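Note sheet for the following structure.
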Amino acid sequence: MKKLFIIANWKSYKTETEAIKWLQEFQLSNFGSSPEGDKLPISNGGEGENKEIIICPPVTLLSPMREYIDEHTLPITLGAQNISPFDEGRYTGEINGKQIKEFAKYVIIGHSERRDNFDETNELLVKKVAMANKYELIPIFCIQGKETNIHIESGIVAYEPVAAIGSGNPDTPEDAQKIAFGVKEKNAALAIVYGGSVTSENVNLFTSQSAIHGVLVGGASLDPQEFSQIIKNA
Ligand code: PGA
């Protein structure tokens with residue numbers, strides 16, 4: 001069975017109270033009151049299981065979400081949305097790899113919203129990837145499709161064409177498949193996911209493409225019912 005990564009990117013949304021409410025509702029709609037009797041084919045990445053659920057919340061939510069997930073043994077993995085290009089030190093406002101590693105397994109690097117709003121350059125992204133590698137965080141490296149150099153050797157590449165992000169106009173599954181093949185041709189070790197206006201209605205069009213190993217979901221992941229439906233339909 002093909003492994004799928006269903007990744008939620010919460011961007012700059014949700015307070016701690018809202019995040020815990022999301023987890024409670026997600027837990028209730030998928031597992032009843034407890035994760036015993038798992039109704040979803042989801043996993044924490046174990047052998048033979050096919051869907052890994054990764055939530056990338058704002059960094060303030062990593063600790064309380066980690067606590068809730070552990071306490072209720074939910075099959076959810078956490079990721080950060082950003083990482084400092086520096087190690088610990090005099091870098092006011094930065095969150096470094098060692099700090100992220102306490103709570104998360106993944107880190108999104110190079111999202112177009114960071115490239116556009118915070119002037120993140122390829123040179124900077126290379127440093128961020130190096131920090132992710134140093135702390136054994138798995139990068140979810142975002143590309144727009146025109147890149148020739150992907151900058152990571154292992155991990156996940158998210159193909160997210162800018163025009164498809166938050167627009168309600170996803171790219172075609174065929175385009176996504178073509179990009180995925182192009183990336184895999186250069187590096188077969190990378191898993192390619194698609195992102196940009198993914199919903200429960202269209203998710204399967206992408207995940208059924210042979211070279212696509214999941215989705216990166218923004219807006220539609222903020223609602224626990226819709227996100228649960230995306231997991232079911234993927
Ligand atoms: P969207 O965002 O699902 O809201 O289009 C995707 C992303 O930016 O990761």
Side-chain angles (χ1 to χ4, degrees), residues 4-14 18-19 22 26 51-59 61-62 65 76-83 100 104-120 125 128-129 132 137-147 150-152 155-177 179-180 183 190-209 212-234:
L4 290 178
F5 299 94
I6 313 296
I7 310 166
N9 173 10
W10 281 3
K11 307 192 178 187
S12 189
Y13 288 103
K14 294 196 191 294
E18 289 165 345
W22 189 102
F26 182 82
K51 291 178 188 174
E52 181 169 354
I53 311 309
I54 304 165
I55 301 181
C56 303
V59 76
L61 305 179
L62 285 175
M65 287 182 73
I76 293 174
T77 313
L78 290 176
Q81 298 174 16
N82 187 24
I83 181 171
I100 294 168
K105 178 176 168 193
Y106 292 88
V107 59
I108 298 175
I109 296 178
H111 192 283
S112 60
E113 287 159 9
R114 293 211 58 86
R115 295 182 197 242
D116 294 349
N117 297 312
F118 303 97
D119 299 325
E120 293 199 351
L125 300 182
K128 292 188 174 207
V129 169
L137 289 158
I138 301 172
I140 300 169
F141 193 86
C142 300
I143 62 166
Q144 277 82 62
K146 295 183 208 85
E147 296 84 348
I150 302 295
H151 302 304
I152 63 169
I156 299 174
V157 168
Y159 166 54
E160 294 210 312
V162 176
I165 296 176
S167 65
N169 292 314
D171 199 350
T172 63
E174 293 74 25
D175 264 359
Q177 169 90 326
I179 298 285
V183 172
L190 298 172
I192 324 299
V193 302
Y194 168 77
S197 298
V198 171
T199 65
S200 58
E201 301 274 300
N202 63 27
V203 63
N204 191 259
L205 299 174
F206 293 98
T207 52
S208 60
Q209 301 290 322
I212 305 280
H213 282 256
V215 283
L216 178 51
V217 189
S221 72
L222 296 171
D223 174 44
Q225 320 301 346
E226 170 64 0
F227 191 61
S228 300
Q229 202 56 49
I230 286 174
I231 297 165
K232 284 177 186 134
N233 293 356

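The model shown is predicted, which means the values in this text are computed figures rather than measured ones. We're numbering straight along the sequence, starting at 1. Counting starts at 1 for both ligands and their atoms, following the listed order.
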*Non-hydrogen side-chain atoms of Phe5 and Ile140 separated by less than 4.5 Å*: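 Result no, sub-4.5 Å side-chain heavy-atom pair not found.
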
_Is any side-chain heavy atom of Val215 closer than 4.5 Å to one of Thr207?_
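Contact flag for Thr207/Val215 side chains = yes.
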
_Between CD1 on residue Ile100 and CG on residue Leu78, distance to nearest 0.5 Å_ =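 Spacing of CD1 (Ile100) from CG (Leu78) equals 12.0 Å.
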
Looking only at protein heavy atoms, identify the closest one to [atom] and say how far it is in Å.
atom                   : value
atom 2 (O) of ligand 1 : Lys11 NZ, 3.2 Å
atom 3 (O) of ligand 1 : Gly218 N, 2.8 Å
atom 4 (O) of ligand 1 : Gly219 N, 2.8 Å
atom 7 (C) of ligand 1 : Glu160 OE2, 3.1 Å

Does an N or O from [X], backbone or side chain, lie closer than 3.5 Å to an N or O of ligand 1?
X      : value
Val217 : no
Ser167 : no
Ile165 : no

*Is Ala164 in contact with ligand 1, taking contact as a heavy-atom separation below 4.0 Å?*
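Flag set, Ala164 near ligand 1.
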
*asked:* With a cutoff of 4.0 Å, is Gly196 in contact with ligand 1, counting heavy atoms of the residue only?
replied: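 Per 4.0 Å heavy-atom rule, Gly196 contacts ligand 1.
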
*Tell me yes or no: between the side chains of Glu52 and Thr77, is some donor less than 3.5 Å from an acceptor?*
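Short answer, yes.
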
*Gln81 side chain to His111 side chain, donor-acceptor N/O pair below 3.5 angstrom*: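 The criterion, which ignores hydrogens and geometry beyond distance, is not satisfied for His111 and Gln81.
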
*Measure from atom 5 (O) of ligand 1 to every heavy atom in Gly166, Cys56, Pro170 and give the option owning the shortest one.*
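Looking at heavy atoms only, the winner is Gly166.
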
*Please report the shortest heavy-atom distance between Tyr106 and Ile156, naming the atom on each side.*
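Taking every non-hydrogen atom into account, CE2-CD1, 3.8 Å.
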
*Identify the heavy atoms of Ala132 and Ile109 that sit nearest to each other, and give their distance.*
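In this case the closest contact between Ala132 and Ile109 is CB-CD1, 4.0 Å.
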
*Sub-4.0 Å atoms of ligand 1 with respect to non-hydrogen atoms of Asn9*: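 Once the distances to Asn9 are compared, the set is 9 (O).
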
_Atom indices of ligand 1 within 4.0 angstrom of His111 heavy atoms, with elements_ =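 In order of number, 7 (C), 8 (O), 9 (O).
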
*asked:* Closer than 3.5 angstrom, by distance alone: can the side chain of Trp10 be matched with the main-chain N or O of Pro58 as a donor-acceptor pair?
replied: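 Checking the backbone N and O of Pro58 against the side chain of Trp10, no donor-acceptor pair under 3.5 Å is found.
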
